[in-house]
Amino acid sequence: MSLTMKDLDTGATNTWCPGCGNFAILMTVKQALIQLGLNPSQVVAVSGIGCHGKTTDYLKVNTFHVIHGRVLPAATAIKLANHGLTVLGFAGDGDAFNIGMGHFPHAARRNVNMAYIVHDNLIYGLTTGQASPTSRQGLVTKTTPRGSAEPGVNPLTQSLTGGATFVARTFAGEAKHMTEVLKRAITHRGFAVVDVLQPCVTFNRVNTYEFYKQRVRKLEEEGHDEGDFEAAYRRAQEWGDVIPIGVFYVEERPTYEDGFPALAGGPLVGQPLSRDLSGLMAEFK
Amino acid sequence: MSLTMKDLDTGATNTWCPGCGNFAILMTVKQALIQLGLNPSQVVAVSGIGCHGKTTDYLKVNTFHVIHGRVLPAATAIKLANHGLTVLGFAGDGDAFNIGMGHFPHAARRNVNMAYIVHDNLIYGLTTGQASPTSRQGLVTKTTPRGSAEPGVNPLTQSLTGGATFVARTFAGEAKHMTEVLKRAITHRGFAVVDVLQPCVTFNRVNTYEFYKQRVRKLEEEGHDEGDFEAAYRRAQEWGDVIPIGVFYVEERPTYEDGFPALAGGPLVGQPLSRDLSGLMAEFK
Amino acid sequence: MKCKGLRDDTVSVVIGGEAGQGISRSGELLGKALMRCGFHCYGTMDYPSLIRGGHNFYQLRASSRPVYSQTPYADVLIALNRESVGLHLGSMNAGGGVIHDERDALEEGLGRDRGINLYPVPLTDIVKELGGPDIMRNTVALGAASALIGLDAGTLKQVVAETFEGREKIIKMNEDAIQRGYTYVAGQDYGFGCCLESGERPRGQWLTGNDAIALGAMAAGCKFYSAYPMTPASPLLHYFASHDKAGGTVAIQTESEIAAAMMAIGASYAGIRSMTGTSGGGFSLMTESLSLAAMSETPLVVMLGQRPGPSTGLATYSAQGDLLFAVYGAHGEFQRIVVAPGDVDECFYLAAEAFNLAERFQIPVILLTDKTLVESNQTTDAFDLSRVSIDRGKLVESWEGPGEYLRYRDDEDGVSPRAFPGAEGILVPANSNEHLENGLSTSSSEAVAKMVDKRFRKAQHIRAAVEGLQPIRVYGDKRPRVTLVGWGGTKGPALEALGMLRDDGVKARFVQVVFMEPFPGGLEKYLKGTCVLFEDNRSAQLGTLIRLNTGYAFKHVGLRYDGRPFNPGEIRDRVLEVLG
Amino acid sequence: MKCKGLRDDTVSVVIGGEAGQGISRSGELLGKALMRCGFHCYGTMDYPSLIRGGHNFYQLRASSRPVYSQTPYADVLIALNRESVGLHLGSMNAGGGVIHDERDALEEGLGRDRGINLYPVPLTDIVKELGGPDIMRNTVALGAASALIGLDAGTLKQVVAETFEGREKIIKMNEDAIQRGYTYVAGQDYGFGCCLESGERPRGQWLTGNDAIALGAMAAGCKFYSAYPMTPASPLLHYFASHDKAGGTVAIQTESEIAAAMMAIGASYAGIRSMTGTSGGGFSLMTESLSLAAMSETPLVVMLGQRPGPSTGLATYSAQGDLLFAVYGAHGEFQRIVVAPGDVDECFYLAAEAFNLAERFQIPVILLTDKTLVESNQTTDAFDLSRVSIDRGKLVESWEGPGEYLRYRDDEDGVSPRAFPGAEGILVPANSNEHLENGLSTSSSEAVAKMVDKRFRKAQHIRAAVEGLQPIRVYGDKRPRVTLVGWGGTKGPALEALGMLRDDGVKARFVQVVFMEPFPGGLEKYLKGTCVLFEDNRSAQLGTLIRLNTGYAFKHVGLRYDGRPFNPGEIRDRVLEVLG
Ligand SMILES: Cc1ncc(C[n+]2csc(CCOP(=O)(O)OP(=O)(O)O)c2C)c(N)n1
Ligand SMILES: Cc1ncc(C[n+]2csc(CCOP(=O)(O)OP(=O)(O)O)c2C)c(N)n1
Ligand code: SF4
Ligand code: SF4
Ligand SMILES: [Mg+2]
Ligand SMILES: [Mg+2]
């Protein structure tokens with residue numbers, strides 16, 4: 001019996017602003033799970049704190065709504081504890097690249113086998129409109145009354161430099177594109193980053209649906225080579241009249257769980273707690 | 001009366017291991033300060049925790065030996081509080097790219113006007129030999145008995161991606177090269193990262209003086225264009241038979257302090273504490 | 001000046017609707033207008049952690065006598081949506097009136113059984129006619145409410161005009177909106193039961209605890225505010241960010257709370273009065289830095305605005321659950337001051353004083369507040385700047401000797417001479433390692449014990465300073481039958497409850513503990529007879545400190561831990577229950 | 001079995017030299033050999049935070065009766081450099097002997113006035129002859145010391161051989177080194193005053209508190225250890241990293257303590273028994289996660305190894321300054337357990353029990369230790385694995401209903417049914433926001449209060465469980481003239497002091513508080529007559545907890561806060577001083 005959208009709905013009242021890009025993300029995540037034929041009980045969603053973080057209130061799978069910026073370490077450990085599970089991380093741009101930045105390159109180089117979905121609205125939503133690390137220079141917010149002074153963090157070049165093995169961007173206004181990218185990210189074996197351009201209709205009046213609609217170009221329509229790191233890095237730097245979306249880079253590399261001998265025999269969670277300690281105790285005798 | 005090496009010596013007993021690369025770093029920092037004619041009372045050195053952190057016990061300038069991984073926020077604020085000072089940050093590879101990683105891209109994009117000197121020994125020294133984020137794959141340490149599984153963090157590509165405006169690498173076995181690079185970093189207007197290949201003679205038996213001597217090549221002798229970001233990124237990825245050292249990239253961009261109107265009239269610390277509050281209070285009337 | 005509410009000597013207006021309808025702004029504007037007309041006001045906002053939709057409400061109380069808190073009752077309800085009517089009708093006073101959008105077409109006679117009248121106003125239609133944005137409905141409603149309670153529309157218009165200063169078209173539109181709402185209701189002659197007569201002397205100011213703290217910091221010469229956004233401390237960051245030019249300050253939205261604390265410490269080391277602010281989760285992240293401030297003897301002021309935990313908890317509600325954490329949080333042993341203001345005045349004067357205490361003793365000072373206190377508006381007299389003095393403690397600008405400058409000199413009072421980097425002839429060390437007098441690291445047994453003792457010798461001086469700042473404040477009857485004890489945001493409802501108890505013929509007093517660490521002496525003398533402790537938490541944390549410091553264990557407590565502040569009536573009821 | 005020291009019934013060997021000379025390793029090998037010969041041993045290392053040079057020393061005490069701590073006295077000094085002679089001569093017992101390198105050419109007759117004999121051994125020359133590395137000097141010295149104290153060289157050789165298992169050349173070289181040192185001294189017939197006669201029954205094991213905690217965790221089925229290196233907890237990480245294959249565990253050196261705690265929580269949520277360990281600075285960074293564990297009701301075990309603070313403090317020394325932080329650290333209000341073992345046995349059994357407590361109550365459990373405890377070696381009987389049982393609490397593997405699975409079901413005992421993701425038909429939510437029984441976020445007043453109450457209802461059950469674990473342990477005389485009170489690493493020297501006081505004719509007992517939170521009942525009954533509190537901190541933090549929980553305020557305390565553990569003699573002296 002196949003899964004329906006309704007099966008993935010928790011029934012919680014959705015409190016996102018009408019028109020928020022998060023709705024489309026939530027919907028396409030559900031669609032991706034359905035299309036991939038995944039069993040909700042084998043999926044874990046970990047979310048940070050922010051508007052994006054409410055995803056775990058609305059998506060009926062196993063969920064851990066953690067603290068601000070800490071999706072990655074929690075998700076990493078969940079995957080190691082039970083690598084049979086499909087692990088999805090949902091983070092905000094502030095969550096991922098401000099307070100959570102310290103974890104990002106490490107999850108990337110470890111190649112933690114999970115999809116990391118960044119709801120990138122270039123603003124702090126839930127705390128009512130402060131600058132985010134991805135806010136573009138000049139964005140006026142509650143904390144940057146004269147416009148953000150610093151260049152924004154680029155999630156894609158950060159992912160590439162960090163060593164992520166799947167690096168993509170998509171746009172909440174392009175549901176089909178998003179679904180396809182998410183499906184690939186979820187099935188990718190390794191750390192898959194998906195930067196989702198997510199309009200925040202309330203606090204970011206610059207990077208709107210219109211803004212993106214006029215600018216996004218699909219890499220897959222432009223003959224981009226997903227195996228070419230340099231090309232990926234170059235295209236990832238583009239942000240102007242053209243904003244490329246699609247899969248920038250893919251690489252195969254052993255995943256984090258491959259490095260632990262204890263996992264060779266199957267998920268850790270399935271192994272018995274008691275074990276023979278005589279060998280360990282003998283060392284002290 | 002010009003400064004001598006002795007003037008920059010605190011008299012504290014040095015406790016680095018004989019042969020440690022830190023000695024050369026300390027010496028060349030002193031030389032750079034002398035050659036630049038800087039007044040010690042106008043210099044602040046901020047250090048993290050680790051063998052490198054002891055620098056502040058040995059360098060007779062204003063010093064703040066902070067906590068592990070927190071050189072950057074402390075140094076950033078010191079510079080903003082008194083932008084007349086020359087601010088130097090001394091960090092370890094673990095300090096900078098593990099626990100302190102969350103601050104790094106932000107200092108870079110803000111273009112905090114300081115030199116950030118990373119004592120990069122590819123190992124945890126002070127805590128007796130665990131893997132560091134820059135440890136190369138395969139390095140056997142106390143925490144990686146089968147060799148480090150993940151690819152190391154690359155301080156240079158991280159700097160470039162983060163937005164540092166001066167990105168360099170030098171080698172503790174090349175005192176002259178180091179002095180020149182440090183002088184340029186210290187005088188650079190903006191965030192200058194210097195990754196110093198620093199042999200840890202006790203715990204890293206792979207990346208030794210010999211190892212580097214056989215491999216380092218000076219960019220300045222190879223016609224490298226410091227203004228070419230792509231070339232810088234490409235060369236920064238090299239780590240094998242050839243390990244390039246030198247200045248990879250330089251860019252001019254407004255520094256962090258340029259963005260604060262309060263600093264326009266001179267260092268914040270010089271401005272009187274009391275001010276007329278009537279305007280501010282009127283808002284509530 | 002006169003004020004007659006339906007229930008007591010206060011008029012209470014509730015504005016209810018969805019997030020995004022500008023409810024908080026409306027409440028604040030109305031409060032300011034009322035203040036200008038001479039009334040004392042209190043206003044507070046109840047909102048869940050979401051941006052649009054859901055249910056928000058602002059409660060505003062005004063009176064000719066000081067008001068300190070919200071109540072659950074409303075004389076007037078401004079219902080910006082249908083849902084608000086349903087949610088608030090039950091707590092309206094008999095005789096109350098509901099201003100709502102005609103379009104909502106409420107069921108005829110709704111609430112009539114309880115004496116409530118519906119006053120439909122064509123909010124949407126008026127806005128449409130004026131060509132304004134939807135959000136202007138609340139401006140029309142404010143005009144209507146003014147007419148109902150007898151408030152002069154002119155004052156309200158002026159307040160609105162000031163808010164939109166420079167944007168003439170918007171001002172005009174809003175003035176028209178107010179006027180249309182006003183005229184619409186004034187024309188109906190509803191004979192509403194509330195009566196407000198403007199007084200001569202306008203109140204001084206109308207502001208939140210956060211506003212007062214920001215002003216206090218400004219008055220104290222704070223020039224550096226670094227913070228990561230977190231409710232309920234974010235408004236401080238917004239204030240500093242939007243006033244950096246006017247205040248000559250640096251405001252930074254940092255990448256994390258760790259960076260926020262470390263920046264404040266860095267700035268302080270460099271000679272600047274600095275501050276950071278956060279809530280519990282962020283404070284957790286700051287504890288390592290707090291310990292650094294202590295060891296390096298770098299002054300640090302932290303505003304910790306409490307909200308319900310553990311963890312993310314209830315992000316937009318209020319609590320007093322971090323008291324023991326503020327007192328004992330961070331590793332190692334060191335002196336600190338924890339001070340908990342209870343109203344906007346205390347927010348201002350104690351924030352200003354926090355900087356003196358931090359610098360005089362070279363220690364961290366935690367300004368412990370809660371959401372109710374820092375996000376609610378109160379009227380108060382203009383702050384008296386002459387009461388704010390600046391004392392930076394043992395500063396040296398040059399060094400004559402003897403010997404070299406010793407940043408950590410083993411002075412009798414435990415406080416060593418402090419200098420700033422950049423001073424000619426002085427090099428300033430600061431060290432997170434245990435250190436010698438000259439700042440160099442040490443692990444020598446004798447040197448360590450000596451330095452620990454030096455820092456601990458500050459204790460008695462800190463204690464003396466705190467005792468001089470009225471660390472315990474007592475309100476109400478001198479010979480009470482019952483003593484209420486509390487702190488922080490609980491002060492407001494407790495003071496209101498005192499008045500209610502007086503009306504009930506019960507002589508009562510309220511003892512407010514203002515300084516939590518060091519814990520002030522002399523509290524015992526108030527802990528006589530029947531005492532009831534009120535706290536917005538589950539485990540009576542002030543009770544723990546009191547037990548520890550005085551041996552007194554409360555038999556009676558009133559605790560609330562659902563994120564909402566106490567209502568005065570609840571406190572009164574609990575006291576009466578205890579008195580039996 | 002016989003053991004006669006120069007001062008008492010223990011033989012004390014101090015090995016002194018520079019960091020990098022393999023001092024700690026030597027001490028541990030010697031201790032193991034002594035254990036194998038049937039002796040009780042205690043060994044501890046004193047070292048500053050540096051890698052080479054400086055001064056390190058290891059003190060090893062052996063006896064035919066249990067030994068619990070170091071003393072400041074030495075019968076034998078193995079001086080690997082000249083400096084060590086100068087530093088330790090003053091604390092040697094009369095009749096003692098110094099084994100040193102002939103090449104150091106110590107001044108003839110040094111120490112003779114105090115009855116100390118110099119025993120030069122050609123350490124360097126022998127190593128050169130054997131063609132070994134410099135560091136082998138200490139192996140030669142160990143052989144020499146064995147001869148001096150009458151220890152069989154064969155046992156020592158075997159211990160060394162096991163250490164270098166598989167590396168035959170190194171083993172051979174070391175065996176030769178031992179033999180050469182042994183022969184050199186044995187040939188001299190020094191007539192040294194210490195006498196050790198091997199016993200029949202070898203002791204069970206020789207290990208540190210960290211080793212014991214690691215084994216306890218393994219015994220409890222812990223399969224995931226995530227940590228960031230920090231003295232004195234790093235050895236736990238090293239242990240797990242080097243035994244991950246043998247133990248079937250995952251060990252991760254994380255990027256920070258925040259990641260370490262969050263990973264442990266993630267693994268626990270997913271159904272694995274997990275643990276993290278750190279010291280005060282790292283624990284500060286973990287407090288936000290601790291609060292998450294509490295709110296999400298995810299079991300978590302944290303080893304907090306104390307060292308002197310504040311801040312970086314004295315990185316390689318010992319303290320008990322984080323007690324109140326462990327008890328009150330982290331924002332919001334929640335139940336936790338803080339348990340402080342005092343010797344290697346308690347480290348093992350309580351670490352194992354910590355996992356049961358964490359899972360039964362779905363709360364954080366903090367194993368509070370100190371450097372002295374976790375980095376010092378002790379002999380003890382082999383751990384009795386039958387005493388370790390595994391109780392995972394309310395686990396469900398499938399859900400029959402009624403209704404949908406409620407992760408946070410409002411059960412009477414406050415503990416809700418826990419399931420792991422992956423179980424068919426169950427979806428497992430965990431939430432940092434306040435939530436409903438089904439895990440969805442809520443800010444409803446009633447739901448919030450209900451959930452807070454649910455979590456707080458655990459309190460009585462936790463208390464009952466703790467009371468069943470001997471939270472207070474009493475040693476010594478049943479009808480004492482004086483009661484010593486202490487905890488953690490202070491237990492060892494206190495127990496030694498009891499023996500000394502007995503010899504002085506003073507009947508004394510030692511009361512060890514093992515559980516700090518919830519604070520155990522019944523301590524009052526021991527707080528009679530003269531009581532003296534001993535803690536390795538400046539502000540008597542256990543004293544604070546005792547005052548809070550029993551009302552008892554200590555008149556007499558003995559506090560040490562220079563980073564060094566108490567010497568038993570200091571405790572004895574302080575007790576005698578108090579007794580007058
Ligand atoms: C430690 C901590 N600091 C601050 C906060 C307050 N906070 C909640 S969400 C958020 C940022 C939201 O921005 P983002 O991550 O971009 O998410 P969005 O709301 O835009 O989806 C902040 C600062 C918190 N919950 N925890
Ligand atoms: C919060 C915190 N965690 C852990 C430590 C322990 N610690 C001290 S130095 C260090 C790492 C040293 O490595 P690195 O930064 O590379 O410096 P190095 O010693 O190699 O110069 C660690 C983990 C600490 N001081 N503080
Ligand atoms: S504030 Fe922005 S991100 Fe948050 S729900 Fe509203 S539109 Fe979406
Ligand atoms: S351990 Fe390594 S980095 Fe530290 S002082 Fe020794 S050689 Fe230098
Ligand atoms: Mg965002
Ligand atoms: Mg290093």
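Every chain is numbered from 1, with letters handed out A, B, ... down the list of sequences.
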Which bit of [X] comes within less than 4.5 Å of chain C, counting heavy atoms only: side chain, backbone, both or neither?
X	answer
L85(B)	side chain
H106(B)	side chain
L72(B)	neither
P272(B)	backbone
F260(B)	side chain
R275(B)	side chain

Exercise. Any side-chain heavy atom of F348(C) sitting closer than 4.5 Å to one from F383(C)?
Worked result: yes
Problem set entry | Student check: side-chain heavy atoms of L33(B) and L88(B) closer than 4.5 Å |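 Yes, at least one pair of side-chain atoms sits under 4.5 Å.
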Only pairs of heavy atoms separated by less than 4.5 Å count here; which of [options] has the most with chain B?
options	answer
H243(C), E404(C), R36(C)	H243(C)
A220(C), C222(C), G422(C), A270(C)	G422(C)
I252(C), I390(C), T379(C)	I252(C)
N377(C), I258(C), I265(C), T254(C)	I258(C)
K245(C), R407(C), E28(C)	K245(C)
A246(C), G247(C), A382(C), S226(C)	G247(C)

Exercise. Salt bridge between R418(C) and E397(C), side-chain N to carboxylate O under 4.0 Å?
Worked result: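 No, no charged N to carboxylate O under 4.0 Å.
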Exercise. With a 4.0 Å cut-off, would you call R189(B) and D258(B) a salt bridge?
Worked result: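 Here R189(B) pairs with D258(B) in a salt bridge, since their nearest N and O are under 4.0 Å apart.
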Between [options], which shows the greatest number of heavy-atom pairs under 4.5 Å with chain C?
options	value
V43(B), I78(B), N82(B)	I78(B)
D276(B), D57(B), V269(B), T76(B)	D57(B)
E283(B), Q271(B), K60(B)	E283(B)

Exercise. Which pair of heavy atoms, one from G125(B) and one from C51(B), lies closest together, and at what distance?
Worked result: C-SG, 3.7 Å
For this session: Might you point out which heavy atoms bring V66(B) and I49(B) nearest each other, and give the distance in Å?
Result: O-CD1, 3.1 Å
For this session: Identify the residues of residues 427-438 of chain C whose heavy atoms come closer than 4.5 Å to a heavy atom of chain B, ordered by number, or report 'none'.
Result: L427(C), V428(C), P429(C), A430(C), N431(C), S432(C), N433(C)
Problem set entry | Lys/Arg cation over aromatic Y349(C): R387(C), 6.0 Å, 45° cone | yes
Problem set entry | CZ/R392(C): more than 12 non-hydrogen atoms of other groups inside 6.0 Å |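 Counting other residues, nucleotides and ligands, CZ of R392(C) exceeds 12 neighbours.
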Problem set entry | Under 3.5 Å donor-acceptor, Y408(C) side chain and S296(C) backbone | yes
For this session: State the CH2-OH distance between W16(B) and Y58(B), to the nearest 0.5 angstrom.
Result: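 Interatomic distance, W16(B) CH2 to Y58(B) OH, rounded to 0.5 Å: 6.0 Å.
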